[in-house]
Novice: 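Could you have a look at this structure, given as structure tokens, before my questions?
This is a predicted model, so every value here is computed, not measured.
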Amino acid sequence: MVMELILALSKGRIFEDTMPLLEAAGIKVLENPETSRKLILPTSDPGIRVLIVRASDVPTYVQHGAADFGVAGKDVLLEHGGEGLYQPVDLHIAKCRMSVATRAGFDYETAVRQGARLRVATKFTSIAREHFGKKGVHVDLIKLYGSMELAPLVGLSDAIVDVVSTGSTLRANNLVEVEEIMDISSRLVVNQAALKMKRARLQPIIEAFERASLAKA
């Protein structure tokens, strides 16, 4: 009997960018998560299924063994902590950056230099805390889960820490990127127990992902 493998993916850009990597491993997802109501999707390999979960939940599903492997952004993994996860490959997909942004006209450099206490809205509280801590800047972190750009506009915060791709959403809301914290890309993550128990099944997929991702680097 063939051991089943479960892959955890989130909808959107990561799903789309992972499809060519899966195909390089000879696996094709048979349904589109944007049009299907199913949360467990079949693939061309009857021994592999795909779980569709929130991006922030991928590491948790893999860590606890509900999925054998998954694809998650560096931002999500840093917030999660990466406990219990093997991260063999930077896939070089879903590239973006983590940045600080403020209202246009806000004097961020002066505020930081003078050691003012900043109010920062973000869902990436661990990343923000570490970044400002290294700079010696005191911050009051306000945890939000969406519409981050609103916070400076309505006076909830002085700045936001968020993922930026093109910057068009910031510009549309009269915000400016004032500091880049780090580059972000997505990683392959593997449950450590699954890697031991299902190595014969997982290793060829990991190697195919690695070969395909090197072409993107």
Novice: Counting only N and O atoms by type, is there a donor-acceptor contact under 3.5 Å from the side chain of T35 to the main-chain atoms of N32?
Specialist: yes
Novice: Between T110 (side chain only) and D107 (backbone N and O only), is there a donor and an acceptor less than 3.5 Å apart?
Specialist: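 Such a contact is absent between T110 side chain and D107 backbone.
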Novice: Treating R211 as the side-chain partner and A24 as the backbone partner, does any N or O pair qualify as donor plus acceptor under 3.5 Å?
Specialist: no
Novice: With the 4.5 Å side-chain cut-off for hydrophobic clustering, are F106 and L156 part of the same group?
Specialist: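 F106 does not cluster with L156.
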Novice: Indicate the ring-plane relationship of F132 and Y108, choosing parallel, tilted or perpendicular according to the 30° and 60° boundaries.
Specialist: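 It falls in the perpendicular class, over 60°.
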Novice: If only side-chain N and O atoms count, and only distance matters, is there a donor-acceptor pair under 3.5 Å linking E180 with S99?
Specialist: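 Side-chain D/A pair, S99 to E180: absent.
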Novice: Kindly say whether A94 contributes a backbone atom to a donor-acceptor pair with the side chain of D17 at under 3.5 angstrom?
Specialist: yes
Novice: Apply salt bridge (Lys or Arg N to Asp or Glu O under 4.0 Å) to R97 and D183, showing your working.
Specialist: CA-CA 4 Å; R97 58 194 178 274; D183 289 323; over 6 Å; no
Novice: Are the side chain of Q87 and the backbone N or O of G82 linked by a donor-acceptor pair below 3.5 Å?
Specialist: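 No; judged by distance alone, with no hydrogens or angles, the pair does not exist.
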Novice: Determine whether I14 and V76 fall in the same hydrophobic cluster, where Ile, Leu, Val, Met, Phe, Trp and Tyr are linked whenever their side-chain heavy atoms lie under 4.5 Å apart.
Specialist: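 No, it is not one cluster - the side chains of I14 and V76 are not joined through contacts under 4.5 Å.
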Novice: Nearest 0.5 Å, please: how far is NE2 in H92 from NZ in K95?
Specialist: 6.0 Å
Novice: Could you state the interatomic distance from CD1 (I48) to CD1 (I6), rounded to the nearest 0.5 Å?
Specialist: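 So the CD1 of I48 and the CD1 of I6 are separated by 9.5 Å.
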Novice: Could you work out, with salt bridge (Lys or Arg N to Asp or Glu O under 4.0 Å) as the rule, every residue matching E31, not counting sequence neighbours?
Specialist: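 Residues passing salt bridge (Lys or Arg N to Asp or Glu O under 4.0 Å) with E31: K38.
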Novice: Please check if the side chain of S44 supplies one atom and the backbone of K28 the other of a donor-acceptor pair under 3.5 Å.
Specialist: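 Confirmed, S44 side chain pairs with K28 backbone.
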Novice: Looking at CE of M148 and CZ of F124, how far apart are the two atoms once the value is rounded to the nearest 0.5 Å?
Specialist: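 Between M148 CE and F124 CZ, I get 7.0 Å after rounding to 0.5 Å.
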Novice: Is the backbone N or O of V161 less than 3.5 Å from a side-chain atom of T122, with the two atoms forming a donor-acceptor pair by type?
Specialist: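 Such a contact is found between T122 side chain and V161 backbone.
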Novice: Whether K135 and E179 form a salt bridge (side-chain N of Lys/Arg under 4.0 Å from carboxylate O of Asp/Glu) is what I want to check.
Specialist: yes
Novice: Show every salt bridge (charged side-chain N to carboxylate O under 4.0 Å, His left out) that has at least one partner inside residues 146-174, sequence neighbours left out.
Specialist: R119-D158
Novice: So, N191 side chain and V62 main chain: donor-acceptor pair closer than 3.5 Å or not?
Specialist: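 Yes, because the side chain of N191 sits within donor-acceptor range (under 3.5 Å) of the backbone of V62.
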Novice: Has the side chain of N173 got a donor or acceptor atom that lies under 3.5 Å from a matching backbone atom of L175?
Specialist: no
Novice: For a 4.5 angstrom cut-off between non-hydrogen side-chain atoms, does L91 reach L21?
Specialist: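 Yes, side chains in contact.
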